[in-house]
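Have a look at the structure below, then the notes.
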Amino acid sequence: MVSVDCHLHLGVVPSQIPEWWLTEMYRPYGGGALANYDGQWIVDLLDRSGVDVGLVQGGDMRRTTFSPDHPAEHDVFVPNDYTAEQVALFPDRLKGVAVIDPIRDMGAALEELDRCVNELDFRALKLLGSYLHFSPNDRRLDPIYEKCIELGIPAHFFTGWTPIIMARLENADPVQLDEVGRRFRDLKVIISMADPWIDQCILLVAKHPNFHGDMYHYAELGPEPLFEVLDRFRSLSALDRVLYGSNNSDKVRVGRAEATVPDVYRSVNRVARERGAEPFTEEQMAAIMGGSAARLYGLGG
């Protein structure tokens, strides 16, 4: 069965992403390299992790990007055409995810989304509400949701905490997606699960049959917290809608036995045995690592 990473970012510093942005992003984690994330970098990551296919996205935050210390460097803009160029270099390994700013120009956003799917073969839409200062249940987004249903693609929402100061945490609360799920029952939704709303994300996925959980938050955690959240999904009959995501990470904390992020997933049954809990089947783990994503994104395999 194909393995899939649903959460990967492209971007070149400083032409597409200002250096101050990445410095601010990694400050709570002790800093980080100002890397250029092009298609080759992503494929190398997939190879190190033993993953077959990655869903890659750019970003358009031109309307809201701001730092008072860098007033002339206000754009975070990784165009969808750049994503398409990188995907074209590795068509068997990478699939595109459209990123648009619907508040900037709704008509243009709808046209761009249609182009990305029908001309560039992108497989999903990513919506960055906290960065772009809108909430998921903002009625202005209804045409976007209707277009996603028409195109048959999932809408992937960033929710949760981010170190970027200009981002609005109040727009990142996943509970606002409950209204979206009630009003658009045919909309396929992916929730990026992150603090401080992990429990809310789990319950939303369990409640709405078309909701899925992007597990990127667990890419740098150990198998113990991963086991706990997967066990909760299993108890609510929602394990088949859990998706593996890495957020460009193959990091393993000092002192771990695991060498790659997928190794952490392979270690959850060790935790299950230690706790006297039911292990996950090979079929369940294969679905998490790519089977469910393959169905959702139309990847086959």
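Sequential numbering from 1 along the given sequence is applied to the chain's residues.
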[X] and [Y]: side-chain donor and acceptor closer than 3.5 Å?
| X | Y | value |
| --- | --- | --- |
| Ser130 | Asn171 | no |
| Thr83 | Asn80 | no |
| Arg295 | Ser292 | yes |
| His7 | Ser246 | no |
| Ser3 | Asp52 | yes |
| Asn247 | His217 | no |

Donor-acceptor pair, [X] side chain versus [Y] backbone, under 3.5 Å?
| X | Y | answer |
| --- | --- | --- |
| His133 | Met166 | yes |
| Gln176 | Asp173 | yes |
| Asp138 | Phe134 | no |
| Gln16 | Val76 | no |
| Asp101 | Arg104 | yes |

Which residues, ordered by chain and number, are linked to Leu120 in its hydrophobic cluster, where ILVMFWY side chains connect at heavy-atom gaps below 4.5 Å, directly or through other members?
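Members besides Leu120, by chain and number: Phe122.
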To the nearest 0.5 Å, tell me how far Leu141 CG sits from Arg139 CZ.
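Answer for the CG-CZ pair, Leu141 versus Arg139, is 11.5 Å.
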Between the NZ atom in Lys126 and the SG atom in Cys6, the distance rounded to the nearest 0.5 Å is 8.0 Å
Given the ring of Phe233, does Arg241 sit roughly above its face, with NZ or CZ under 6.0 Å from the centre of the six-membered ring and within 45° of the axis?
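No, cation not above the ring by the 6.0 Å, 45° rule.
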Does the Lys NZ or Arg CZ of Arg62 fall within the cation-pi geometry relative to Phe77 - under 6.0 Å from the ring centre and within 45° of the axis?
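Yes, a cation-pi geometry holds between Arg62 and Phe77.
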Does Thr65 form a side chain to side chain donor-acceptor pair (under 3.5 Å) with Asp75? I'd like the steps, not just the answer.
CA-CA 6 Å; Thr65 303; Asp75 286 352; 5.9 Å; no
May I ask you to decide whether [X] forms a salt bridge with [Y], counting only side-chain N to carboxylate O separations under 4.0 Å?
| X | Y | answer |
| --- | --- | --- |
| Arg48 | Asp44 | no |
| Glu274 | Arg270 | yes |
| Lys147 | Glu112 | no |

Could you tell me if the ring centre of Tyr131 sits under 6.0 Å from that of Trp21?
yes
Would you say Arg185 has more than 12 foreign heavy atoms packed within less than 6.0 Å of its CZ?
no
